[in-house]
Enquirer: 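Let me begin by handing over the structure; questions about it come next.
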Amino acid sequence: CRAKFIQGGLPADRIVVKPNFVDLPAPPALPRQGALFVGRLSPEKGISVLAEAARRVPDCAITVVGTGPGEPVLAGLRNMHLRGFCDAGGVHSAMHSASWLVLPSIWYENFPRTLVEAFACGLPVLASRLGALADLVREGETGLLFEPGNAGDLARKMAWAQAHPEAMARMGQNARAEYEANYTAAINYRQLTAIYDEAIEANSNEKRGRG
């Protein structure tokens, strides 16, 4: 969004990016298996891409949490388990037992809460190399990136993740470390107050300059 605002003419020095945050404890040491999708089942979220990738990797079990008009696109796939709507506790429980999260969006995402929840739950992310997702997921460190809208590329990354559980587990540990370093409530509070302090200081300097 910052890049688009600047492209549209807003001054870069007046735009500050503050990430989302969640407040979650360290994940329990539970067995992890399969992929997880969490979100609205709608075209812009890449549901058709996910469905085609699932057909190409039939031995990869995918749990889907969410509802929406795209549900028929996923229904009937043998490796797809549709759980419907879950509250926050149900989402976090699903994240604790999955091996990775899939974010196949084909539109710009800003900073999905689902991503920071996944990181907090020690869950690496397979995401479209699009917009902020390409910056938030570090390739080979906190997850894997694939070409947006390319079901074949997503299927290849899913197959790789399925074949390398130890590597994905390490990425999950890295994801939790990333959360602790950047996305906790305490860190977000410091970021927010720093933005206010900077804005107040800039306003004071501007008033002094006019005086």
Side-chain angles (χ1 to χ4, degrees), residues 30-86 90-109 112-119 121-175:
L30 298 174
R32 292 178 178 267
Q33 186 176 8
L36 175 68
F37 173 91
V38 177
R40 177 170 167 77
L41 305 185
S42 52
E44 69 276 7
K45 292 294 186 178
I47 297 301
S48 295
V49 179
L50 178 62
E52 179 56 31
R55 291 187 186 96
R56 299 185 186 201
V57 192
D59 62 335
C60 178
I62 305 170
T63 298
V64 176
V65 174
T67 60
E71 186 170 336
V73 176
L74 303 178
L77 293 172
R78 297 182 62 183
N79 55 338
M80 199 79 68
H81 174 51
L82 305 183
R83 289 187 53 179
F85 171 81
C86 289
V91 169
H92 299 155
S93 177
M95 287 182 170
H96 291 155
S97 59
S99 294
W100 65 86
L101 180 82
V102 183
L103 271 174
S105 295
I106 57 174
W107 71 345
Y108 285 116
E109 298 279 2
R113 179 181 171 89
T114 302
L115 185 145
V116 72
E117 286 178 307
F119 279 10
C121 292
L123 190 63
V125 177
L126 273 63
S128 302
R129 190 182 285 103
L130 178 68
L133 297 179
D135 295 324
L136 295 169
V137 177
R138 299 199 312 275
E139 177 76 28
E141 295 185 36
T142 58
L144 302 172
L145 296 168
F146 60 91
E147 182 182 349
N150 189 327
D153 195 21
L154 173 55
R156 285 189 290 273
K157 295 300 173 70
M158 289 169 56
W160 190 94
Q162 184 91 337
H164 297 85
E166 294 181 358
M168 298 309 294
R170 286 194 298 271
M171 292 183 205
Q173 293 170 356
N174 294 339

Enquirer: Ring pair (Phe, Tyr, Trp, His ring centres under 6.0 Å) with W107: which residues, sequence neighbours excluded?
Expert: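 Partners of W107 by the ring pair (Phe, Tyr, Trp, His ring centres under 6.0 Å) criterion come out as none, since no residue qualifies.
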
Enquirer: Kindly compute the distance separating NZ (K157) from CG (D153), expressed to the nearest 0.5 Å.
Expert: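 The distance works out to 5.0 Å.
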
Enquirer: Looking at A175, is its backbone amide N or carbonyl O close enough to the side chain of T142 to form a donor-acceptor pair, meaning the two atoms are under 3.5 Å apart?
Expert: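 No, the answer is negative, given that no donor and acceptor are paired below the 3.5 Å cut-off.
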
Enquirer: Holding to salt bridge (charged side-chain N to carboxylate O under 4.0 Å, His left out), I want the full list of residues that pass it with E141, two or more places apart in sequence or in another chain.
Expert: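 E141 satisfies salt bridge (charged side-chain N to carboxylate O under 4.0 Å, His left out) with R138 once adjacent residues are dropped.
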
Enquirer: When you measure from the side chain of N79 to the backbone of C60, do you find a donor-acceptor pair of N or O atoms at a distance under 3.5 Å?
Expert: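 Checked: pair present.
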
Enquirer: Side-chain contact test, heavy atoms from C-beta onward, threshold under 4.5 Å: evaluate it for I62 versus M158 and give yes or no.
Expert: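 Counting from C-beta outward, I62 and M158 do come under 4.5 Å.
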
Enquirer: Which atom names give the shortest non-hydrogen contact between P104 and F146, and what distance separates them?
Expert: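 Answer, listing the atom of P104 first, then F146: CA-CZ, 3.6 Å.
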
Enquirer: Could you check whether any side-chain heavy atom of V73 comes within less than 4.5 Å of a side-chain heavy atom of L41, counting everything from C-beta outward?
Expert: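 The answer is no, as the side chains (C-beta and beyond) never meet within the 4.5 Å cut-off.
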
Enquirer: Checking V57 against R156 for the side chain to side chain contact (heavy atoms under 4.5 Å, CB included) test, could you report, in this order, the C-alpha distance in whole Å, the side-chain angles of both residues, the deciding distance, and whether it holds?
Expert: CA-CA 8 Å; V57 192; R156 285 189 290 273; over 6 Å; no

Enquirer: Does any non-hydrogen side-chain atom of P148 lie less than 4.5 Å from one of L133?
Expert: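 Counting from C-beta outward, L133 and P148 never come under 4.5 Å.
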
Enquirer: I'd like to know if the side chain of R32 and the backbone of A98 have a donor-acceptor N/O pair within less than 3.5 Å.
Expert: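 Looks like yes, one N/O pair under 3.5 Å.
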
Enquirer: For R113, enumerate each residue passing the salt bridge (charged side-chain N to carboxylate O under 4.0 Å, His left out) test, keeping only those at least two apart in sequence or located in another chain.
Expert: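 R113 satisfies salt bridge (charged side-chain N to carboxylate O under 4.0 Å, His left out) with E117 once adjacent residues are dropped.
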
Enquirer: Report all side-chain donor-acceptor pairs from residues 45-56 shorter than 3.5 Å, counting only partners two or more places apart or in another chain.
Expert:
residue: K45; atom: NZ; partner: E109; partner atom: OE2; Å: 2.9
residue: E52; atom: OE1; partner: R55; partner atom: NH1; Å: 3.4
residue: E52; atom: OE2; partner: R56; partner atom: NE; Å: 3.1

Enquirer: If I take atom CD from residue E166 and atom CE from residue M171, how far apart are they, to the nearest 0.5 angstrom?
Expert: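 Reported value, rounded in 0.5 Å steps: 12.0 Å.
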
Enquirer: With a 4.5 Å heavy-atom cut-off, do L130 and Y108 have their side chains touching?
Expert: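 Heavy-atom side-chain distance check passes, below 4.5 Å.
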
Enquirer: To the nearest 0.5 angstrom, please state how far the CZ atom of F85 sits from the CZ atom of R40.
Expert: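 Atom-to-atom, F85:CZ and R40:CZ are 13.0 Å apart.
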
Enquirer: Specify the closest pair of heavy atoms between P112 and L136, including all atoms of both residues, with the distance to one decimal.
Expert: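 Result for this residue pair: CD-CD1, 4.4 Å.
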
Enquirer: Measure the OG-CG distance between S128 and L103 for me, rounded to the nearest 0.5 Å.
Expert: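 Output value for this atom pair is 7.5 Å.
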
Enquirer: Mind listing the closest non-hydrogen atom pair of L101 and A118 along with its distance?
Expert: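 For L101 and A118, the tightest heavy-atom pair comes out as CD2-CB, 3.9 Å.
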
Enquirer: Any side-chain heavy-atom pair from V65 and F37 closer than 4.5 angstrom?
Expert: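 Result no, sub-4.5 Å side-chain heavy-atom pair not found.
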
Enquirer: Any side chain to side chain donor-acceptor pair (under 3.5 Å) involving residues 59-77? Give me the pairs, sequence neighbours left out, ordered by first then second residue.
Expert: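 Residue pairs with at least one partner in residues 59-77: there are none.
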
Enquirer: Is it the case that over 12 heavy atoms from other parts of the model lie below 6.0 angstrom from the CD atom of Q33?
Expert: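 Result for CD/Q33: open.
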
Enquirer: Let me confirm one number: the OG-CG distance from S99 to L123, rounded to the nearest 0.5 Å.
Expert: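 It is 8.0 Å, given to the nearest 0.5 Å.
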
Enquirer: Which pairs count as ring pair (Phe, Tyr, Trp, His ring centres under 6.0 Å) when at least one residue sits in residues 57-83, sequence neighbours excluded?
Expert: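 Residue pairs passing ring pair (Phe, Tyr, Trp, His ring centres under 6.0 Å), neighbours aside: none found.
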
Enquirer: Determine whether L126 and M168 make a side-chain contact, defined as any pair of heavy atoms from C-beta on separated by less than 4.5 Å.
Expert: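 Yes - at least one pair of side-chain heavy atoms lies under 4.5 Å apart.
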
Enquirer: So do V137 and R129 actually touch side chain to side chain, heavy atoms under 4.5 Å?
Expert: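 No, side chains not in contact.
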
Enquirer: Should L30 and S97 be marked as a side chain to side chain contact (heavy atoms under 4.5 Å, CB included) after you check the CA-CA gap, both sets of side-chain angles, and the distance that decides it?
Expert: CA-CA 6 Å; L30 298 174; S97 59; 5.6 Å; no

Enquirer: Before you tell me yes or no, could you show the steps for L36 and V102 under side chain to side chain contact (heavy atoms under 4.5 Å, CB included), namely the whole-Å CA-CA distance, both residues' side-chain angles and the distance that decides it to 0.1 Å?
Expert: CA-CA 6 Å; L36 175 68; V102 183; over 6 Å; no

Enquirer: Can you tell if the side chain of F119 reaches within under 4.5 Å of the side chain of P124, non-hydrogen atoms only?
Expert: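 They are not in contact (no side-chain heavy atoms under 4.5 Å apart), so the answer is no.
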
